[in-house]
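Structure record follows, encoded as structure tokens.
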Number of protein chains: 2
Amino acid sequence: MDTNLTGGAGTYDVSAFDRPSVAVDVAAITARGDRLHILLVRRGVWPFEGRWALPGGFVKMDEDLDTAAHRELCEETGVAGASYLEQLYTFGAPNRDPRTRVISVAYYALLPGPDSALRREGRAMVACEPEAGTDAAEARWWPVDSLPPLAFDHNAIVATALSRLRAKLGYTSVAYALLPEEFTLTELQRVYEVILAQELDKRNFRKKMLAAGILDTVPRQKREGAHRPAQLYRFTKREAVFLDD
Amino acid sequence: MDTNLTGGAGTYDVSAFDRPSVAVDVAAITARGDRLHILLVRRGVWPFEGRWALPGGFVKMDEDLDTAAHRELCEETGVAGASYLEQLYTFGAPNRDPRTRVISVAYYALLPGPDSALRREGRAMVACEPEAGTDAAEARWWPVDSLPPLAFDHNAIVATALSRLRAKLGYTSVAYALLPEEFTLTELQRVYEVILAQELDKRNFRKKMLAAGILDTVPRQKREGAHRPAQLYRFTKREAVFLDD
DNA sequence: TTAATAGTGTCTCTTAGACACTATTAT
DNA sequence: ATAATAGTGTCTAAGAGACACTATTAA
């Protein structure tokens with residue numbers, strides 16, 4: 001075997017070593033009802049055939065990692081409108097995949113729920129043409145607090161994603177990615193409560209959010225049901241900015 | 001080409017796809033004098049021959065990522081005593097390496113300086129048998145605020161490492177990894193000042209550290225120079241615990 | 001005695017959190 | 001009128017940060 005790593009300029013034997021495969025896996029998260037949900041696909045092939053897993057797959061040779069994450073999410077689940085996507089951690093234990101050495105770069109994605117998901121149920125997936133030959137047999141949103149046992153080390157990936165999301169909620173405005181463009185303060189509070197899994201005080205919450213200077217008032221109200229209509233807001237920037245600036 | 005991905009249990013054609021190579025790169029950080037330093041190696045081979053780079057190399061087929069990071073650090077620089085090692089981010093732009101597609105899992109490592117590095121200079125490297133065939137021609141500590149242009153995207157990796165370290169300093173006890181087992185409060189403060197690149201108030205700093213409950217007083221003093229001796233402390237746990245617990 | 005560093009307390013301001021009532025709407 | 005949700009202010013406690021002097025040692 002010619003391991004020509006030390007040769008002169010331009011020489012490098014690409015096939016000299018066995019190489020691990022590189023995959024991306026995506027934990028797509030949304031808030032609906034009073035729980036966070038994760039998008040899972042049921043595997044149609046060995047290994048873990050029939051088990052639920054995160055959408056994901058192998059990175060193409062000329063493809064950026066972020067691009068691969070978007071693509072796999074879209075191909076396997078039809079979800080195209082991720083409003084936030086962030087690299088999470090790279091999982092590379094030698095035996096995490098029974099097929100061969102697979103190193104997985106895990107991502108998490110945030111999606112706004114279906115309209116008014118914070119009150120009632122609905123269909124969340126945005127249209128996206130699935131490619132032929134995908135391994136996913138079925139895709140479904142699962143509430144995070146009652147997940148089935150997942151394929152590979154995907155339970156660990158989900159746990160990492162949730163703890164990262166909880167942390168980021170504290171010092172950035174990521175919450176924007178789980179909400180529609182315009183929303184009421186009650187809806188915003190609901191997202192925080194769902195992620196943190198605890199009730200928050202209404203007055204303190206509103207004080208803090210308005211003081212943070214990340215919200216714009218929109219000259220419109222949301223009227224729904226037999227009660228006082230609610231003021232609508234939007235995030236000044238639809239990106240995750242740091243608080244305290 | 002037989003792309004047997006969908007076959008029955010146990011069948012999977014490992015050679016079906018072109019695969020990227022996977023490397024680890026390590027930003028090893030220490031504090032000496034009044035600056036942070038990073039350990040760089042000068043490349044002896046194409047590409048970027050002669051340029052300085054982070055120690056790193058390809059992940060072996062059956063090797064954990066963390067293990068690979070430790071190994072590369074040790075092989076290329078002789079540094080074996082990293083007291084903290086954490087995965088940082090995975091860099092995978094398709095053209096970050098001119099040889100072929102290389103996806104790099106970046107780590108950062110923290111090392112205590114040589115004895116009293118916070119006052120005077122010294123030799124920091126701990127013994128470790130370098131293996132034959134390493135690509136590194138030379139290894140040196142560089143002050144982070146005057147780095148040369150590095151190979152690949154290594155300047156970006158260093159920047160990421162520093163900002164992560166600064167952030168973690170605020171809510172964990174990682175600082176332990178940059179200090180010897182026993183140290184004075186002044187030395188501890190020095191580490192904080194060097195990382196944050198700003199002076200801190202002595203009284204407030206000591207109040208906060210002692211209140212955090214992560215330090216034990218050791219029944220010993222450090223006497224050095226013509227002045228009052230200083231009380232020695234050690235971290236209750238030599239690991240990065242969260243503050244506020 | 002001097003030079004050098006160790007060690008110590010108070011006050012102020014900001015922030016987080018507890019806490020309960022009025023306003024507006026549809027029916 | 002009633003039911004349902006929107007919207008609002010005060011007080012207290014804890015933490016962050018500004019600030020200056022005394023203590024101990026070697027030479």
Side-chain angles (χ1 to χ4, degrees), chain A residues 33-34 116-120 166-167 169-171 179 182-194 196-234 242-245, chain B residues 33-34 116-120 166-167 169-173 179 182-194 196-234 242-245:
Chain A
D34 52 4
S116 298
L118 297 170
R119 289 148 201 277
R120 43 192 171 74
R166 267 187 270 271
L169 198 66
Y171 60 91
L179 287 159
E182 300 184 353
F183 51 86
T184 67
L185 284 178
T186 302
E187 288 165 344
L188 179 59
Q189 181 174 345
R190 199 62 186 283
V191 164
Y192 273 75
E193 290 175 334
V194 165
L196 301 175
Q198 66 174 346
E199 296 203 342
L200 300 174
D201 179 86
K202 197 193 205 178
R203 284 166 291 188
N204 292 338
F205 180 80
R206 292 158 104 94
K207 235 186 307 171
K208 188 150 89 171
M209 281 299 146
L210 295 173
I214 55 176
L215 299 181
D216 292 336
T217 306
V218 343
R220 203 178 348 240
Q221 295 185 322
K222 175 168 192 168
R223 56 181 59 223
E224 179 189 61
H227 55 264
R228 177 168 175 179
Q231 177 61 44
L232 284 166
Y233 294 85
R234 64 170 66 209
F242 287 80
L243 307 183
D244 300 338
D245 284 346
Chain B
D34 52 5
S116 299
L118 297 169
R119 288 148 200 277
R120 44 192 171 74
R166 266 186 271 272
L169 198 66
Y171 61 92
T172 71
S173 60
L179 286 160
E182 300 184 354
F183 50 88
T184 67
L185 285 179
T186 301
E187 287 166 343
L188 179 59
Q189 180 173 347
R190 199 62 187 283
V191 164
Y192 273 74
E193 290 175 335
V194 165
L196 301 175
Q198 65 174 346
E199 296 205 341
L200 301 174
D201 179 85
K202 196 192 203 179
R203 284 166 294 187
N204 293 337
F205 180 80
R206 292 159 104 94
K207 235 187 306 171
K208 187 149 90 172
M209 281 299 146
L210 295 173
I214 54 176
L215 299 182
D216 292 336
T217 305
V218 344
R220 204 177 349 240
Q221 295 185 324
K222 176 168 191 168
R223 57 181 57 224
E224 180 189 62
H227 55 264
R228 178 169 174 177
Q231 177 61 237
L232 284 166
Y233 294 85
R234 63 169 67 206
F242 287 81
L243 307 183
D244 298 339
D245 284 347

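Numbers restart at 1 for each chain; the letters A, B, ... are given by sequence-line order, proteins then strands.
At a threshold of 4.0 angstrom between heavy atoms, the contacts of R206(A) include nucleobase atoms, whether or not backbone atoms are also involved.
Atom CG of L210(A) is separated from atom C1' of dG7(D) by 11 Å (rounded to the nearest Å). Rounded to whole Å, the distance from CG on L200(A) to P on dC19(C) is 15 Å. Distance, K208(B) NZ to dG7(C) P: 19 Å, rounded to whole Å. What separates CD of Q198(B) from C1' of dA16(D) is a distance of 13 Å, to the nearest Å. Residue R190(A) contributes atom CZ, which lies 10 Å from atom P of dT5(D) at whole-angstrom precision. The distance between atom CG of L243(B) and atom P of dA16(D), rounded to the nearest whole Å, is 10 Å. Here the P atom of nucleotide dA18(C) and the CD atom of E199(A) are 12 Å apart, to the nearest Å.
The listed nucleotides are dA20(C), dG7(C), dT25(C); the one nearest the side chain of R203(A) is dA20(C). Looking at the side chain of H227(B), the nearest of the listed nucleotides dC19(D), dT5(D), dA4(C) is dA4(C). Checking dA6(C), dT25(D), dA6(D) against the side-chain heavy atoms of R223(B) singles out dT25(D) as nearest.
Side-chain nitrogen and oxygen atoms of T186(B) include at least one within less than 4.0 Å of the OP1 or OP2 phosphate oxygen of dA6(C).
Pairing each heavy atom of L215(A) with each of M209(A), the nearest pair is CD1-CB, 4.1 Å.
For the pair Q231(A) (side chain) and V218(A) (backbone), a donor-acceptor distance under 3.5 Å is present.
With the nearest nucleotide of DNA chain C identified for both K207(A) and N204(B), N204(B) has the one nearer the 5' end. The 5' end of DNA chain C is approached more closely, in terms of each residue's nearest nucleotide, by L185(B) than by the other of R228(A) and L185(B).
Checked options T184(A), L185(A), T186(A); the residue passing with L188(A) is L185(A) (criterion: side chain to side chain contact (heavy atoms under 4.5 Å, CB included)).
For the pair K222(B) and E182(B), the salt-bridge criterion is not met [side-chain N within less than 4.0 Å of a carboxylate O].
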